[in-house]
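First the structure, in the form of structure tokens, and then the observations on it.
Model, not experiment: these values are computed from the prediction. Along the sequence shown, residues are numbered consecutively beginning with 1.
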Amino acid sequence: MTIHAEELTLERIFDSPDLSGPSLRQAELSPAGDRVTFVRAREDDRDLMDLWEYHLADGVTRRLVAADAVVADEGELSEAERARRERARIANLRGIVEYRWSADGRFLIFPLAGDIYLLDLQDESGTVRQITASDSFDTDPKVSSDGEHVAFIRERNLWVAEVASGEARALTEDASETVANGVAEFIAQEEMGRSTGYWWSPDSRRIAFLQIDESPIDITRRYEIEAGEINMIEQRYPYAGTPNVSYRLGLVDLDSGERRWIDLGNDSGDNRDIYIPRVQWHPDGRHLSLQRQSRDQQTLDLILVDTDTLTQRVLLTETSDTWINLHDDLHFLERMDAFIWASERSGFKHLYLYDLEGSLIRPLTGGDWGVDEVVGVDAELGLVYFTGSEVSPQEKHLYRQSLMTSSPEIVSRISRRSGWHEVRMDRAGRVYVDLYSSSSQPPQLSLHSADGERVAWLLENRLDDNHPYGPYRAGHRPSEFGHLVGPEGQKLFYRLIRPADFDPAEQYPVFLYVYGGPTSRLAVNSWGRRSMIEQYMARRGYVVFTLDNRGVERQGKAFQDEAYLKLGQIEMVDQMVGVDWLRSQPWVDPERIGIFGWSYGGYMALMAASQYPGEFAASVAVAPVTDWALYDTHYTERYLSTPQAAPEAYERGNVLSYADAIRDPLLLIHGMADDNVLFTHSTMLMQQLQEQAIDFELMTYPGEKHAISGAGQRLHVYRTLTRFLDRHLRPAGMEPQP
């Protein structure tokens with residue numbers, strides 16, 4: 001008997017409940033390792049998040065806090081909070097979108113509707129207590145290690161409130177239009193992976209904080225076009241080659257309020273043109289580490305400061321002829337005067353053990369594969385746990401290594417199921433939570449002992465008839481993984497989905513989905529954000545194909561370094577290897593290959609249309625970069641240096657340098673309030689194409705930012721691009737399959 005799946009529609013993909021199953025975020029083990037907490041979306045509203053827990057003692061999963069029971073109407077977010085959520089890619093979410101544990105595991109704290117709330121897990125009533133209440137918008141709350149105070153940001157100043165009384169006071173009062181205390185600057189949030197600007201000391205006596213001064217950055221006047229009005233926004237946007245914020249790193253005493261400043265200068269005394277991407281306390285509460293990165297991102301110093309005397313020493317220095325990738329893999333050991341550090345000096349990211357004088361004790365891992373991140377340390381047994389690409393760049397697994405190893409190239413793999421494992425471990429390194437998915441399994445959350453044995457399902461998310469995707473799973477198209485050989489012998493990994501009712505004797509159009517930027521891979525064995533779109537296109541009769549070109553992460557530094565001073569020059573060379581392979585397949589229609597990408601992928605789609613005219617039957621670019629001189633310092637200069645130092649690299653990487661060659665069907669899409677890839681990128685392209693009388697199609701979204709996150713708007717994007725691709729790629733009479 002043939003089982004027929006229901007027709008998968010775009011309307012259903014963007015409706016609730018989510019076809020991938022319950023949306024889970026921020027799964028964390030408590031400090032004591034006795035429970036797992038996470039935020040979870042409502043079944044009837046995929047964007048409304050509540051706080052949940054799984055308690056190990058009773059094996060029960062339950063909702064701890066319903067967001068609308070705390071605040072019935074969240075009201076409008078502040079402008080700063082909207083921008084921060086856009087940076088974190090959670091602009092569409094509401095309710096409890098983030099939370100933090102206290103170090104002792106007693107409190108859970110979260111911001112909601114501009115105020116800060118606390119849940120005391122020792123209070124059996126489950127009452128949520130409001131800590132702050134003001135007309136200001138309070139953000140980034142953190143509980144001191146002793147559980148007595150909550151620090152937070154209010155109006156660009158650092159504040160603290162007593163947990164017992166809720167009494168709040170400012171620790172800094174000199175914030176202004178250009179100066180902020182404890183706040184992560186724009187590029188720290190967007191490009192450095194740092195979302196905060198202050199750090200509690202382990203002894204709860206002091207707070208280290210960054211003071212940023214944005215006055216060196218010129219004001220950019222840009223327009224956010226809403227449906228019924230146009231707002232002029234004055235934004236200090238650090239364009240490539242222009243000044244950044246200046247930093248001061250301060251220490252504030254909680255009792256006295258005394259502030260002291262740490263010297264950030266390098267050997268030449270220059271503390272102006274640097275980045276401070278990471279700050280972290282040593283467990284002894286006296287020493288503070290900071291990472292100081294040069295403006296060209298080719299030198300990074302790890303510095304240890306004695307906060308009593310303010311004396312400091314450089315523990316180690318990383319250098320590169322291209323750039324240094326930032327990471328969060330500094331771990332000070334509590335039972336040894338040593339620390340774990342990650343470096344790509346061997347050509348792959350690996351772990352090393354150093355003493356506190358900065359001398360290498362031993363390498364911990366090695367080989368032609370890379371570590372992703374340290375997830376836990378068992379100090380008692382002397383073990384470090386980490387994720388990595390040892391199996392394949394297309395998978396992520398959990399591994400274990402001894403701190404006393406003499407064979408760094410031999411590591412123990414813990415996770416077994418093929419796919420993608422995102423792991424969070426408890427403080428002692430004894431249990432972990434695994435957020436697992438694959439191309440055939442939507443995300444599952446499970447609890448494991450350190451040896452990998454599953455203790456409990458937190459969210460099994462079984463794909464059965466009762467699952468939201470159940471009515472459609474009979475039509476699910478499997479992903480095929482492999483690699484091609486690049487122009488210089490490199491492996492170029494791909495993922496392929498054949499269309500519904502595939503017949504090798506027929507020829508099918510191709511939906512080529514690209515990203516290609518250095519910070520992310522697409523062709524991986526996971527259930528990604530656009531998995532349902534790929535399934536939808538396959539059911540419409542498309543071959544869905546994605547390939548990771550030179551420059552992307554998780555394949556070694558040499559593979560990534562190929563992008564240095566060559567953005568826009570190597571990516572499509574590799575993508576054309578995939579296109580040529582597709583055209584060699586008898587089941588591909590060589591005249592009906594279309595390309596689609598968003599952000600860097602949009603840039604790639606434009607480069608495809610302009611550098612390879614006649615090769616693509618249609619191109620769709622959403623929120624694309626067109627001119628790297630219009631993008632920010634930290635990202636752009638990492639790969640292209642500055643426009644002043646490498647003007648040729650900027651010219652060769654500029655879409656506008658090639659746009660006059662575009663002659664094939666092009667659809668350009670952009671949000672009209674995008675504050676990341678500014679709408680200016682697209683308007684400059686529009687003007688050039690119009691001046692040359694080159695036809696293109698355009699869809700813009702009033703009020704939408706980079707992610708185009710409005711529910712109706714996001715659906716509209718995919719309806720628009722589907723109609724465009726169908727018109728140019730699907731032969732007449734070709735009907736979509738369910």
Side-chain angles (χ1 to χ4, degrees), residues 100 102-104 140-153 157-160 169-175 179-185 188 194 196-213 246-267 269-271 274-293 300-317 328-341 354-359 427:
R100 284 193 175 97
S102 63
D104 61 2
D140 196 16
K142 301 176 195 173
V143 186
S144 60
S145 295
D146 60 12
E148 295 183 3
H149 292 88
V150 175
F152 58 94
I153 302 301
N157 271 312
L158 180 61
W159 284 64
V160 67
R169 56 190 169 93
L171 293 178
T172 66
E173 298 179 328
D174 52 351
V179 173
N181 295 294
V183 175
E185 70 275 22
R194 174 168 62 79
T196 190
Y198 76 93
W199 301 266
W200 275 106
S201 66
D203 59 12
S204 304
R205 292 173 46 222
R206 290 170 288 193
I207 297 177
F209 70 98
L210 281 170
Q211 182 184 83
I212 59 170
D213 183 355
S246 61
Y247 296 101
R248 298 178 79 191
L249 179 58
L251 293 165
V252 59
D253 185 272
L254 191 65
D255 294 329
S256 69
E258 177 191 6
R259 280 197 284 178
R260 296 178 297 148
W261 301 101
I262 295 170
D263 182 11
L264 297 178
N266 55 26
D267 290 340
D270 182 8
N271 66 350
I274 59 171
Y275 297 108
I276 304 296
R278 300 289 185 271
V279 176
Q280 182 178 328
W281 284 92
H282 187 279
D284 66 9
R286 174 172 175 171
H287 292 90
L288 179 74
S289 73
L290 66 106
Q291 296 179 35
R292 180 180 60 206
Q293 185 182 45
L300 185 139
D301 296 318
L302 175 61
I303 300 168
L304 193 65
V305 180
D306 184 323
T307 59
D308 287 347
T309 65
L310 297 188
T311 57
Q312 57 182 269
R313 64 181 186 273
V314 176
L315 292 179
L316 58 83
T317 298
D328 292 302
D329 299 313
L330 169 63
H331 188 95
F332 290 105
L333 301 175
E334 297 188 28
R335 297 193 176 206
M336 295 175 62
D337 288 334
F339 63 92
I340 297 168
W341 175 255
Y354 282 85
D355 65 27
L356 289 182
E357 297 302 317
S359 297
R427 183 183 297 167

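Heavy-atom minimum distance, Asp104 versus Ser102: OD1-OG, 2.6 Å. Taking both residues in full, the closest heavy atoms of Asp174 and Val179 are given as O-CG1, 3.9 Å, listed atom of the first, atom of the second, then distance. Taking both residues in full, the closest heavy atoms of Ser201 and Ser145 are given as O-OG, 3.9 Å, listed atom of the first, atom of the second, then distance. Contact between Val150 and Trp200 at its shortest, heavy atoms only, is C-CZ2, 4.4 Å. Across every non-hydrogen atom of Pro141 and Arg100, the tightest pair is O-NH1, 2.7 Å.
The existence of a salt bridge linking Asp308 and Arg206 is confirmed by a sub-4.0 Å separation between a basic side-chain nitrogen and an acidic carboxylate oxygen. Comment: Asp203 engages Arg205 in a salt bridge, judged by a side-chain N to carboxylate O separation of less than 4.0 angstrom.
Using modelled atom types, no side-chain atom of Arg194 and backbone atom of Val279 make a donor-acceptor pair closer than 3.5 Å. The backbone N or O of Gln280 sits less than 3.5 Å from a side-chain atom of Ser289, completing a donor-acceptor pair. Within the 3.5 Å criterion, the main-chain N or O of Thr307 finds a donor-acceptor partner in the side chain of Arg260. With Ser204 contributing its side chain and Asp146 its backbone, the two residues share a donor-acceptor pair below 3.5 Å. Between the side chain of Arg248 and the backbone N or O of Trp261 there is no donor-acceptor pair closer than 3.5 Å. Between the side chain of Asp355 and the backbone N or O of Ser359, at least one donor-acceptor pair lies under 3.5 Å. With Thr317 contributing its side chain and Asp301 its backbone, the two residues share no donor-acceptor pair below 3.5 Å.
The side-chain heavy atoms of Phe332 and Asp337, taken from C-beta on, include no pair separated by under 4.5 Å. Side-chain atoms of Arg169 and Val160, non-hydrogen and from C-beta on, do get closer than 4.5 Å to each other. For the pair Leu254/His149, a side-chain contact is recorded, criterion being any heavy-atom separation below 4.5 Å from C-beta on. Taking the side chain as every heavy atom from C-beta outward, Asp306 and Arg286 approach each other to under 4.5 Å. Residues Ile262 and Leu310 form a side-chain contact, since some pair of their non-hydrogen atoms from C-beta on lies under 4.5 Å apart. Between Ile276 and Leu264 the shortest side-chain heavy-atom distance falls below 4.5 Å.
For Phe209 and Trp159, the gap between ring centers reaches or exceeds 6.0 Å.
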Check against side-chain hydrogen bond (donor to acceptor under 3.5 Å, both in side chains), Thr172 and Asn157:
CA-CA 6 Å; Thr172 66; Asn157 271 312; 2.8 Å; yes
For the pair Gln291 and Tyr275, evaluate side-chain hydrogen bond (donor to acceptor under 3.5 Å, both in side chains) and give the outcome as yes or no after the intermediate values.
CA-CA 8 Å; Gln291 296 179 35; Tyr275 297 108; over 6 Å; no
What do the steps show when you test Leu158 against Gln211 for side-chain contact (heavy atoms from CB on, under 4.5 Å), and what is the final call?
CA-CA 10 Å; Leu158 180 61; Gln211 182 184 83; over 6 Å; no
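Ile207 CD1 to Leu171 CG: the interatomic distance, rounded to the nearest 0.5 Å, is 5.5 Å. To the nearest 0.5 angstrom, Leu288 atom CG is 6.5 Å from Leu251 atom CG. The distance from atom CZ of Arg278 to atom CD of Gln293, rounded to the nearest 0.5 Å, is 9.0 Å. Summarising the geometry, atom CG belonging to Leu330 is positioned 9.5 Å from atom NE2 belonging to His282; distances are rounded to the nearest 0.5 Å.
The ring-ring contact (aromatic ring centres under 6.0 Å, His included) test applied to Tyr354 returns Phe339, not counting sequence neighbours.
For the pair Lys142 and Tyr198, the cation sits on the ring face: its NZ or CZ lies under 6.0 Å from the ring centre, inside 45° of the axis.
Here the options are Leu302, Leu304, Ile303, the test is side-chain contact (heavy atoms from CB on, under 4.5 Å), and the partner is Arg313; only Leu304 passes.
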